[in-house]
Amino acid sequence: MYLIAPSILSADFTRLGEEVVNVIESGADWIHFDVMDNHYVPNMTIGPLVCKAIRPLTNAVIDVHLMARPVDRLIGDFARAGANVITFHPEASEHIDRSLSLIREHGCQAGLVFNPATPLHYMDYVMDKLDLVLLMGVNPGFGGQKFIPATLGKLQEARARIKEYEQESGHRIRVEVDGGVKVDNIAAIALAGADTFVAGSAIYEAGKESDPHRYDSVIASMRAQLARV
Ligand code: DX5
Ligand code: ZN
């Protein structure tokens, strides 16, 4: 039930295809794809063109995290580029309900992303339109930041709300966490309620670059930690 989603933000972009294939062969589940626009967040990364380029290399779910605005016009572009999951920040969309519906209309799973200071109430009236919620463990924009401890309490709160909704509706919603996830805190994060774990620097900067199996061991260590929960 636990999914590990390496963020290619920390991959070696000169060998991006290889980095995607290697990390999935090392036992990762999803590819987390960080889209930054220099407006919503102070950094700029990759777009639909790159998603389309990596799509044929793997059957793994491509989990597109939009840190960009406007949201709606990117949804179709990423769906056509092969995205399976599309999430966005409520502050970046004028019409949250409409953006969520648009994602599903394009055949993708839809999710909302909560920054450290974004209240969870944004999910209140759209639970039926959510396939996942993503809680940021850091302020979005950069890889390699330290996990903000208050995220644990927020995860518990999110999990409790979702559990209640799941029991009423029978509709399952994943709880994903992104930012600062490492081998030494993944168990605590799982215990607080997350089931899907994005990790950028912890995976892509693990071990020695010359070691072709360096992703195997970090992913195995994460799984071992999760098995103890
Ligand atoms: C941050 C991105 C994250 C980031 C995670 O804005 O959304 O996905 O790449 O990187 P780490 O795991 O290094 O915090
Ligand atoms: Zn992300």
Side-chain angles (χ1 to χ4, degrees), residues 5-11 13 16 19-20 30-55 58 60-123 126 129-145 148 151 154 158 173-181 196-201 204:
S7 164
I8 54 171
L9 185 62
S10 293
F13 276 88
L16 186 58
E19 292 275 74
V20 166
W30 288 6
I31 293 295
H32 186 77
F33 193 105
D34 285 310
V35 182
M36 305 186 189
D37 68 344
N38 191 43
H39 291 274
Y40 181 66
V41 287
N43 197 0
M44 203 163 176
T45 58
I46 45 181
L49 203 68
V50 177
C51 185
K52 192 175 170 202
I54 64 168
R55 179 66 286 177
T58 179
V61 161
I62 299 181
D63 171 29
V64 171
H65 173 193
L66 296 178
M67 288 159 278
R69 62 172 168 238
V71 168
D72 291 2
R73 63 137 294 125
L74 288 172
I75 291 170
D77 292 353
F78 273 103
R80 283 185 290 276
N84 306 95
V85 174
I86 301 179
T87 62
F88 63 93
H89 292 249
E91 301 92 336
S93 173
E94 300 287 339
H95 302 283
I96 296 164
D97 181 290
R98 178 187 289 156
S99 301
L100 288 169
S101 300
L102 202 58
I103 294 171
R104 286 219 181 132
E105 280 163 25
H106 279 88
C108 298
Q109 292 181 48
L112 279 179
V113 190
F114 296 85
N115 284 334
T118 302
L120 292 174
H121 67 63
Y122 281 108
M123 72 169 93
V126 289
K129 296 192 166 72
L130 293 173
D131 298 298
L132 72 163
V133 298
L134 171 48
L135 266 62
M136 294 303 300
V138 300
N139 287 293
F142 303 94
Q145 304 179 79
I148 297 171
T151 312
K154 199 173 173 188
I173 300 175
R174 282 202 164 273
V175 178
E176 186 176 25
V177 69
D178 181 10
V181 177
T196 304
F197 306 87
V198 177
S201 51
Y204 278 109

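Positions are given from 1 along the sequence.
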Can you name the nearest heavy-atom pair linking [X] to [Y], along with the distance?
X      : Y      : answer
Glu19  : Tyr204 : O-OH, 3.0 Å
Cys108 : Asp131 : O-OD2, 4.4 Å
Arg69  : Ala92  : CB-O, 3.5 Å
Phe33  : Ile8   : CD1-CD1, 3.7 Å
Leu112 : Val126 : CD1-CG2, 4.1 Å
Gly82  : Arg55  : O-NH1, 2.8 Å

Is the shortest heavy-atom distance from the side chain of [X] to the side chain of [Y] under 4.5 Å?
X      : Y      : result
Cys51  : Ile46  : no
His106 : Phe78  : no
Val113 : Asp178 : no
Trp30  : Val198 : no
Pro140 : Asn115 : yes
Val64  : Leu66  : yes

>> Please check this pair: side chain of Ser93 against backbone of Ser99, looking for a donor-acceptor N/O pair closer than 3.5 Å.
In response: no

> Does Gln145 reach the main-chain N or O of Gly179 with its side chain, forming a donor-acceptor pair under 3.5 Å?
Replying inline: no

Measure the spacing between [atom1] of [X] and [atom2] of [Y] and express it to the nearest 0.5 Å.
X      : Y      : atom1 : atom2 : value
Asp77  : Arg80  : CG    : CZ    : 5.5 Å
His32  : His65  : NE2   : NE2   : 5.5 Å
Phe142 : Met67  : CZ    : CE    : 10.5 Å
Phe114 : Glu176 : CZ    : CD    : 12.5 Å
Gln109 : Leu100 : CD    : CG    : 12.5 Å
Lys52  : Ile62  : NZ    : CD1   : 13.0 Å

> Taking it one step at a time, do Leu135 and Leu120 satisfy side-chain contact (heavy atoms from CB on, under 4.5 Å)?
Replying inline: CA-CA 9 Å; Leu135 266 62; Leu120 292 174; 4.2 Å; yes

>> Is there a side-chain contact (heavy atoms from CB on, under 4.5 Å) between Met36 and Leu9? Walk through the geometry before answering.
In response: CA-CA 10 Å; Met36 305 186 189; Leu9 185 62; 3.7 Å; yes

>> Show, in sequence, the C-alpha distance, side-chain angles and deciding distance for His89 and Thr118, and conclude whether the side-chain contact (heavy atoms from CB on, under 4.5 Å) test is met.
In response: CA-CA 9 Å; His89 292 249; Thr118 302; 5.9 Å; no

>> Assess the residue pair Asp72 and Arg98 against the criterion (salt bridge (Lys or Arg N to Asp or Glu O under 4.0 Å)); give the C-alpha distance rounded to whole Å, side-chain angles, the decisive distance to 0.1 Å, and a yes or no.
In response: CA-CA 9 Å; Asp72 291 2; Arg98 178 187 289 156; 5.1 Å; no

>> Here's a test for you: under side-chain contact (heavy atoms from CB on, under 4.5 Å), which of Ile31, Leu134, Val61, Ile103 qualifies with Val85?
In response: Val61

